[in-house]
Chemist: 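Structure below; questions to follow.
As the structure is a prediction and not an experimental result, all values here were calculated from the model.
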Amino acid sequence: MISKDKTYHWADVEQIVDKYSTMLLRLAYSHVGSIEDAEDVIQDVFIKFASQPIFKSEEHKKAWLIRVTINQCINLTKSSHKMKTAELDFDIPQEEKETQDLIPYLMKLPDKYKSVLYLYYYEEYSVDYISDLLKKRPSSIYTLLDRGRKQLKILLEKEGY
């Protein structure tokens with residue numbers, strides 16, 4: 001739920017940026033494949049967030065940030081500017097080496113699998129939460145997870161993993 005009577009102050013936005021920027025940057029990077037584009041996406045997300053009314057729950061705020069990040073990534077990948085530019089390959093900092101090793105393979109998957117696999121494994125969200133977030137049925141999320149895992153397995157086997 002959103003409260004219409006108050007908007008965020010910049011100090012509130014800075015606190016939200018500190019809390020969610022790393023998670024959203026990883027999500028954006030998994031979609032767009034370059035750190036610069038991911039940073040641009042996150043900047044746009046936080047600019048939009050600053051003009052939003054105050055959310056009444058932390059869960060709704062987080063879900064809004066994730067959904068807008070995914071939408072911004074989709075918009076960027078569809079834009080004509082993105083189609084005309086070449087990607088530079090940079091490593092994004094990760095907590096664990098195994099996690100970092102899988103990012104290039106995850107980026108090769110279609111977007112519908114990237115989002116679900118990222119939210120399930122990297123952010124550790126439940127299938128029900130992901131289905132609410134992406135506005136899909138839980139059975140569709142299970143199907144996307146299964147197909148995404150199979151495609152990821154094929155990619156990893158080709159590389160000798």
Chemist: Roughly how far, to the nearest 0.5 Å, is the CG atom of L145 from the CD1 atom of I130?
Modeler: 6.0 Å
Chemist: With sequence neighbours excluded, give me every salt bridge (Lys or Arg N to Asp or Glu O under 4.0 Å) pair touching residues 115-127.
Modeler: R26-E123
Chemist: Rounded to the nearest 0.5 Å, what's the gap from CZ on F46 to OG on S21? Could you check?
Modeler: 5.5 Å
Chemist: So, for A28 and I42, which heavy atoms are closest and what is the spacing to 0.1 Å?
Modeler: CB-CD1, 4.0 Å
Chemist: Please report the interatomic distance CD(Q15) to NZ(K19), rounded to the nearest 0.5 Å.
Modeler: 7.5 Å
Chemist: May I have all residue pairs that pass side-chain hydrogen bond (donor to acceptor under 3.5 Å, both in side chains) and include part of residues 146-155, sequence neighbours excluded?
Modeler: Y121-R149, D146-K150
Chemist: Show which side-chain atoms of residues 133-144 pair as donor or acceptor with protein atoms under 3.5 Å away, not counting sequence neighbours.
Modeler:
{"from": "T143", "atom 1": "OG1", "to": "S139", "atom 2": "O", "distance (Å)": "2.9"}

Chemist: Report the distance from atom CG of L109 to atom OH of Y118, rounding to the nearest 0.5 Å.
Modeler: 15.0 Å
Chemist: So how far is it from K48 NZ to W64 CH2, rounded to the nearest 0.5 Å?
Modeler: 7.5 Å
Chemist: Parallel, tilted or perpendicular, judged at 30° and 60°: which one describes the rings of Y125 and Y129?
Modeler: tilted
Chemist: Would you compute the distance between atom CG of L27 and atom CG of L65 and round it to the nearest 0.5 angstrom?
Modeler: 10.5 Å
Chemist: Considering non-hydrogen atoms only, spot the tightest contact between A38 and Y29 and give its length.
Modeler: CB-N, 3.6 Å
Chemist: Tell me if a side-chain donor or acceptor on T77 pairs with a main-chain N or O of I74 at a distance below 3.5 Å.
Modeler: yes
Chemist: So which heavy atom on L152 is nearest to which on L106, and how close?
Modeler: CD1-N, 4.1 Å
Chemist: For the residue pair Y105 and L155, what are the closest heavy atoms and their distance?
Modeler: O-CD1, 3.6 Å
Chemist: Side-chain contact, heavy-atom cut-off 4.5 Å: D40 with L76?
Modeler: no
Chemist: Yes or no on salt bridge (charged side-chain N to carboxylate O under 4.0 Å, His left out) for E58 and K61, after CA distance, side-chain angles and deciding distance?
Modeler: CA-CA 5 Å; E58 192 66 24; K61 182 189 314 175; 3.1 Å; yes
